[in-house]
J.: 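I have a structure I would like to understand better, so I am pasting it below and will then ask my questions one at a time.
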Amino acid sequence: MSKSNDELFKNVISHAKEYGFVFPSSEIYDGLSAVYDYGQFGAELKNNIKTYWWKSMVQMHENIVGIDSAIFMHPKIWKASGHVDGFNDPMIDNKDSKKRYRADQLLEDKIAKYEKDGKTAKAESLQSAMDEALKNEDLPKLKDLIVEHEVVCPVSGTRNWTDVRQFNLMFSTQFGAMAEGSDEVYLRPETAQGIFVNFLNVQKTGRMKIPFGIAQIGKAFRNEVIARQFILRMREFEQMEMQFFVRPGEEMKWYAYWKEARLKWHLALGTATEKYRYHDHTKLAHYANAAVDIEFEFPFGFKEVEGIHSRTDFDLSQHQEFSGKKMQYFDPELNADGKPYGNYIPYVIETSIGLDRMFLLTLVNSFEEQELSEGDKTDSRTVLRLHPCLAPVKAAVLPLTKKDGLPEKAKEIMDRLKLDHNLIYEEKDSIGKRYRRQDAIGTPFCITVDHQTLEDNTVTIRHRDSMEQERVPASELERIIGDLVSWKNLLGS
RNA sequence: GCGGAAAUAGCUCAGUCGGUAGAGCAUCAGUUUCCCAAACUGAAGGCCGCGGGUUCGAAUCCCGUUUUCCGCUCCA
C-alpha cells in the first residue's frame, strides 16, 4: 500500500467512526476482534444499499422473488453442501519457516513423491494410513505420519513441526436450552443454502417458471483464521445473493448475462469504470463450472466485492441425495424436437455480493478531502459524494439565522418534507459550518430558509457536490426533492 | 497462527530526565454576525487500552494480555 493510499484508508476509517457510520463492536470492553457495529448514519447507508439491490433484483425482474430464510438450519444441510468437509482442514505449522500447511496436502505430496520414485508399496501404505486418520479425525496420527515419513517443509527444509490442529470455519452452537441431549447446529456460513432448500416451496407456491431467481439478504458467519482490513473481512457479515435457476445447457448464456448485469448495477452508481475489473477464476470450486469475481480497487488493492458463479446442479442434486426429496422441475416447454423438456434438476447461476464490502466500497469511493483555498484564505472540506439514493440523510433544513421567525418557517417546511424523507433540521452555528457538517455525512441537498423566504415563500437549495445554490418556491419542494432522490434515477439507468 | 509497529479527550496528535495530563479541531451554553470552517466568553469531556512488576513515586522503565494496522499465512 502506498503511503498516500494508506493515509486515505486511515482517514476513511476515522471519518466512519467520527461521523457515526461504523464503530468497533463492544468498544468500551476493548472491542471484539474483527466485529463492527453500524452507527446512526451507517445503518441508513447500509439499508439504502440493500434497498438498491433488492429493487434492482426483485422489483425490476418479474421472474425473481425474494425470501428471508433462518440462520439456523438442519445440520445435514452442511454435510450435503460440502461445508462440513470443506471447511474443516487439519493444519500444521513449520516452526522455522513460520509457514502453515494443510497436513493432508503435505502427505499427498509425499505420496506423489514415493510414486515418482517407484516406491509404490510405501505410497499405498501411507495413503491408507492417512485416509484412516482423516476419517477418524485423528490429528495426532496425522502428525505421527508426517514425522514417520520425514516430511520436510518445502521452504525451510526442516522437520520442526507444531502439532496438527483442526481449523473449523463454521461457528457452532447448541440447539435447545438443555446442553445435554441437544444437537449441535451451525450458524450458516453462507446464505445460499437457505435458497436451495426452499427451491421447491418457492417454485410451487410462486408458480415460478424456469428461468427464475430467488433472492435473499442475510447474515452469514465464518470463523476466519485471520480477519482484517476493517470491515472487508469480518466473522459476522451480510450477503446479498440471488440464485438463478436455468435449464441445463443454458447456464453459460445466463452466466454471461449476469456477469454483465451485475457490473452495470455497480457502475450505475456513478463509480469510475477503471475502479472495477473482472477476475475470472481458473481454479474452480468443486461445485462450479465457471466463476468470476467483480473486484474493486480499494486503497489496499483490488479486492473481491461480488462473485458470479455457475454452480451447475451440484447443490440441488446434493440435497436430493441427502434429503431423499426430488428436487426436480417439470419443464412443459417444447424443445427443438417438439417434445417437452420434461423433468430435470435445474442448473444455477449465483450472484453473491458482500454487503459490508459494498458499504466500504461506497465509503471509500465517495470520500473526498477538497482543498478550497482562495487567495490568502485557507479552506477545505471533507465530503462524501454519495449517490442521493444512498445518502443517509436526503436533505437538511436550515434557517439562516436563529431569529426573525426563520426557525419557525424552517420547521414548517421540515414537518412537511419529513413525511417523505429522512431529514435533518439544524440551526446551531454559522450556515457555512452547517453546510460542511452535512457534506461530511453526504447529505446531497441543503434547504436554506432566509429573510426572502418570509417575503415571497422561496428557499434556496444548496447542492453538495457543486456547492451551488438555486432559489425555488417552497411549495415546489416536495416535488423537487422527491425527483432528486427518486429511485427512478438509479433503476432507470 | 508467526513477525513488525502502535494504543493518551469524539478525531488528529504532543507529553523532556520517572514527579498526579496538554494542544488543535469537534461537542455543549452564551454574546455578536448572517449564505460556505468568523470572533469572543465560558463549560464539559481522561483509570494515559487492561493486568501485574520495579520504584518513595509510572502515561513514561520491565513482563503479560487485549485491540488495531502492516507483511506472511488463510479465504471449499
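The sequence lines fix the lettering, A, B, ..., with proteins before strands; numbering per chain opens at 1. This is a predicted model, so every value here is computed, not measured.
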J.: Please figure out whether A/R311 or A/D450 has its closest RNA chain B nucleotide nearer the 5' end.
T.: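 Its nearest nucleotide being more 5', the pick is A/D450.
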
J.: It should be established whether A/T448 places a side-chain nitrogen or oxygen under 4.0 Å from OP1 or OP2 of nucleotide B/C35.
T.: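 A/T448 to B/C35 OP1/OP2: no side-chain N or O under 4.0 Å.
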
J.: Go nucleotide by nucleotide along RNA chain B from the 5' end; which of A/Q469 and A/I231 gets its closest nucleotide reached first?
T.: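 Of the two residues, A/Q469 wins.
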
J.: Mind checking ring pair (Phe, Tyr, Trp, His ring centres under 6.0 Å) for A/F237 and listing every partner two or more places apart, or none if nothing turns up?
T.: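 By the ring pair (Phe, Tyr, Trp, His ring centres under 6.0 Å) rule, A/F237 matches no residue at all.
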
J.: Report which part of the nucleic acid A/E427 touches: base, sugar-phosphate, or nothing (heavy-atom distance under 4.0 Å, all strands).
T.: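 No contact at all - A/E427 keeps every heavy atom at 4.0 Å or more from the nucleic acid.
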
J.: Touch check for A/D439, heavy atoms < 4.0 angstrom, all strands: base, sugar-phosphate only, or nothing?
T.: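 Contact class for A/D439: none.
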
J.: Distance check, P atoms only: B/G49 and B/U16, in whole angstrom units.
T.: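 Between the two P atoms, the distance is 14 Å.
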
J.: With rounding to the closest Å, how many angstrom separate the P atoms on B/C48 and B/A58?
T.: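 These two P atoms come out 12 Å apart once rounded.
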
J.: Nearest to the side chain of A/Q229, which nucleotide is it out of B/U68, B/C70, B/C36?
T.: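 Minimum distance to the A/Q229 side chain belongs to B/C70.
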
J.: Using 30° and 60° as the class limits, which term best fits the ring planes of A/Y38 and A/F359: parallel, tilted or perpendicular?
T.: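 The rings of A/Y38 and A/F359 stand perpendicular, inter-plane angle above 60°.
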
J.: For A/Q438 and B/C35, what is the distance between atoms CD and C1' respectively, to the nearest whole Å?
T.: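 Interatomic distance, CD of A/Q438 to C1' of B/C35: 15 Å.
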
J.: For B/U27 and B/U73, measure between their P atoms and round to the nearest Å.
T.: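 That atom pair is separated by 45 Å.
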
J.: Can you tell me, in whole Å, how much space there is between the P of B/G22 and that of B/A9?
T.: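 Comparing P positions in B/G22 and B/A9 gives a spacing of 14 Å.
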
J.: Just to verify, which of A/Q438, A/R464, A/R437 counts as forming a side chain to side chain donor-acceptor pair (under 3.5 Å) with A/T443?
T.: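 Only one of A/Q438, A/R464, A/R437 forms a side chain to side chain donor-acceptor pair (under 3.5 Å) with A/T443, namely A/Q438.
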
J.: Report the C-alpha distance between A/R357 and A/E238 in whole Å, list the side-chain angles of each, state the deciding distance to 0.1 Å, and finish with yes or no for salt bridge (charged side-chain N to carboxylate O under 4.0 Å, His left out).
T.: CA-CA 9 Å; A/R357 289 184 177 189; A/E238 203 156 356; over 6 Å; no

J.: Below 30° counts as parallel, above 60° as perpendicular, anything between as tilted: where do the rings of A/F245 and A/F199 land?
T.: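 Correct class here is tilted.
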
J.: What distance, rounded to whole Å, do you find between the two P atoms, one in B/C28 and one in B/G45?
T.: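 The answer is 16 Å between these two P atoms.
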
J.: Measure NE2/A/H279 against P/B/C75 and give the value in whole Å, please.
T.: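 Rounded to the whole Å, the gap is 15 Å.
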
J.: Using side chain to side chain contact (heavy atoms under 4.5 Å, CB included), reason through A/Q229 and A/K303 one step at a time and then give a plain yes or no.
T.: CA-CA 11 Å; A/Q229 275 167 329; A/K303 297 284 172 189; 4.2 Å; yes

J.: Taking atom C1' in both B/A23 and B/U8, compute the distance separating them and give it to the nearest angstrom.
T.: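 Each nucleotide's C1' atom is 13 Å from the other's.
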
J.: Taking the same atom, C1', in B/G24 and in B/U67, what whole-Å distance lies between them?
T.: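 Looking at atom C1' only, B/G24 and B/U67 are 27 Å apart.
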
J.: Under 4.0 angstrom, heavy atoms only, what part of the nucleic acid is A/T401 near: base, sugar-phosphate, or nothing?
T.: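 Since a base atom lies under 4.0 Å of A/T401, the category is base.
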
J.: With sequence neighbours excluded, tell me which residues meet ring pair (Phe, Tyr, Trp, His ring centres under 6.0 Å) with A/Y435.
T.: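 In terms of ring pair (Phe, Tyr, Trp, His ring centres under 6.0 Å), with neighbours along the sequence ignored, A/Y435 is linked to no residue.
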
J.: Under a 4.0 Å N-O cut-off, is there an ion pair linking A/K219 with A/E236?
T.: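 Between A/E236 and A/K219 there is a salt bridge, with a charged N closer than 4.0 Å to a carboxylate O.
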
J.: In whole Å, I'd like the distance from the NZ atom of A/K17 to the P atom of B/A9.
T.: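 Distance check: A/K17 NZ to B/A9 P gives 9 Å.
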
J.: Applying the side-chain contact (heavy atoms from CB on, under 4.5 Å) test to A/I447, which of A/T460, A/V472, A/L417 qualifies?
T.: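 By the side-chain contact (heavy atoms from CB on, under 4.5 Å) criterion, A/I447 pairs with just one of A/T460, A/V472, A/L417: A/L417.
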
J.: Is the ring pair A/F244/A/W258 parallel, tilted or perpendicular, if the boundaries are 30 and 60 degrees?
T.: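 Perpendicular: the ring planes of A/F244 and A/W258 meet at over 60°.
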
J.: Under a 4.0 Å threshold between the charged nitrogen and the carboxylate oxygen, would A/R471 count as salt-bridged to A/D450?
T.: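 A salt bridge is present here (some side-chain N lies under 4.0 Å from a carboxylate O).
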
J.: P atom, B/C13 versus B/G18: distance in rounded Å?
T.: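 Straight-line distance between the two P atoms is 25 Å.
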
J.: Provide, to the nearest angstrom, the distance between the CD1 atom belonging to A/I13 and the P atom belonging to B/C11.
T.: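 After rounding, the reported distance stands at 13 Å.
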
J.: Using whole Å, report how far CD1 of A/I441 lies from P of B/G10.
T.: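 One finds 21 Å between P of B/G10 and CD1 of A/I441, rounded.
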
J.: Please state whether the rings of A/F300 and A/F298 are parallel, tilted or perpendicular, taking 30° and 60° as the class boundaries.
T.: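 Plane angle under 30°, so parallel.
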
J.: Remember a base hit wins even if backbone is also touched, and classify A/A291 as base, sugar-phosphate or nothing at under 4.0 Å, heavy atoms.
T.: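 Answer is nothing: A/A291 stays at 4.0 Å or more from every strand.
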
J.: So, is A/K10 near the phosphate of B/C69, with a side-chain N or O under 4.0 Å from OP1 or OP2?
T.: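 No, outside the criterion.
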
J.: A/R462 side chain: which of B/A76, B/C36, B/C35 is closest?
T.: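 Given the options B/A76, B/C36, B/C35, the side chain of A/R462 is closest to B/C36.
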
J.: Below 3.5 Å is the cut-off: list the nitrogen or oxygen pairs between protein and nucleotides 43-46 of chain B, distance only.
T.:
none

J.: Establish, with yes or no, whether the OP1 or OP2 oxygen of B/U68 is under 4.0 angstrom from a side-chain nitrogen or oxygen of A/S33.
T.: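 Yes, because at least one side-chain N or O of A/S33 sits under 4.0 Å from OP1 or OP2 of B/U68.
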
J.: Once you round it to whole Å, what is the distance between C1' of B/C70 and CZ of A/F298?
T.: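 Whole-Å distance recorded here is 18 Å.
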
J.: List every contact pair, protein side and nucleotides 22-27 of chain B side both N or O, where the distance is under 3.5 Å.
T.:
unit_1 : atom_1 : unit_2 : atom_2 : d
B/U27  : OP1    : A/R437 : NH1    : 2.2

J.: A/D404 has an atom CG; how far is it from atom P of B/U32, in whole Å?
T.: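 A/D404 atom CG is separated from B/U32 atom P by 12 Å.
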
J.: Looking at residues at least two apart in the chain, or sitting in another chain, which of them share a ring pair (Phe, Tyr, Trp, His ring centres under 6.0 Å) with A/F445?
T.: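 A/F445: ring pair (Phe, Tyr, Trp, His ring centres under 6.0 Å) contacts with A/H463.
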
J.: Aromatic contact between A/F221 and A/Y186, with the criterion being ring centroids under 6.0 Å apart: yes or no?
T.: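 Centroid distance A/F221-A/Y186: not below 6.0 Å, so no.
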
J.: Determine the contact category for A/F230: base if any of its heavy atoms lies under 4.0 Å from a base atom, sugar-phosphate if only primed atoms, P, OP1 or OP2 are that close, otherwise nothing.
T.: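 Sugar-phosphate, backbone atoms only, no base.
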
J.: Find the runs of at least 3 consecutive base pairs, i with j, i+1 with j-1 and so on, that include RNA chain B, using Watson-Crick or G-U wobble geometry with both distances under 3.5 Å.
T.: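 Stem segments, range with range: B:1-7 with B:66-72, B:10-13 with B:22-25, B:27-31 with B:39-43, B:49-53 with B:61-65.
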
J.: Let's test your reading of the model: under 3.5 Å, does the base of B/C36 pair with the side chain of A/R381 as donor and acceptor?
T.: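 Result: no qualifying N/O pair found.
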
J.: Check if the side chain of A/R222 and the base of B/C75 share a donor-acceptor pair of N or O atoms closer than 3.5 Å.
T.: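 There is none.
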
J.: Once you round it to whole Å, what is the distance between C1' of B/U32 and NZ of A/K403?
T.: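 Distance check: A/K403 NZ to B/U32 C1' gives 8 Å.
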
J.: Taking only side-chain N and O atoms of A/S430, does any of them lie within less than 4.0 angstrom of OP1 or OP2 on B/A38?
T.: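 So the side chain of A/S430 is within the cut-off, an N or O lying under 4.0 Å from OP1 or OP2 of B/A38.
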
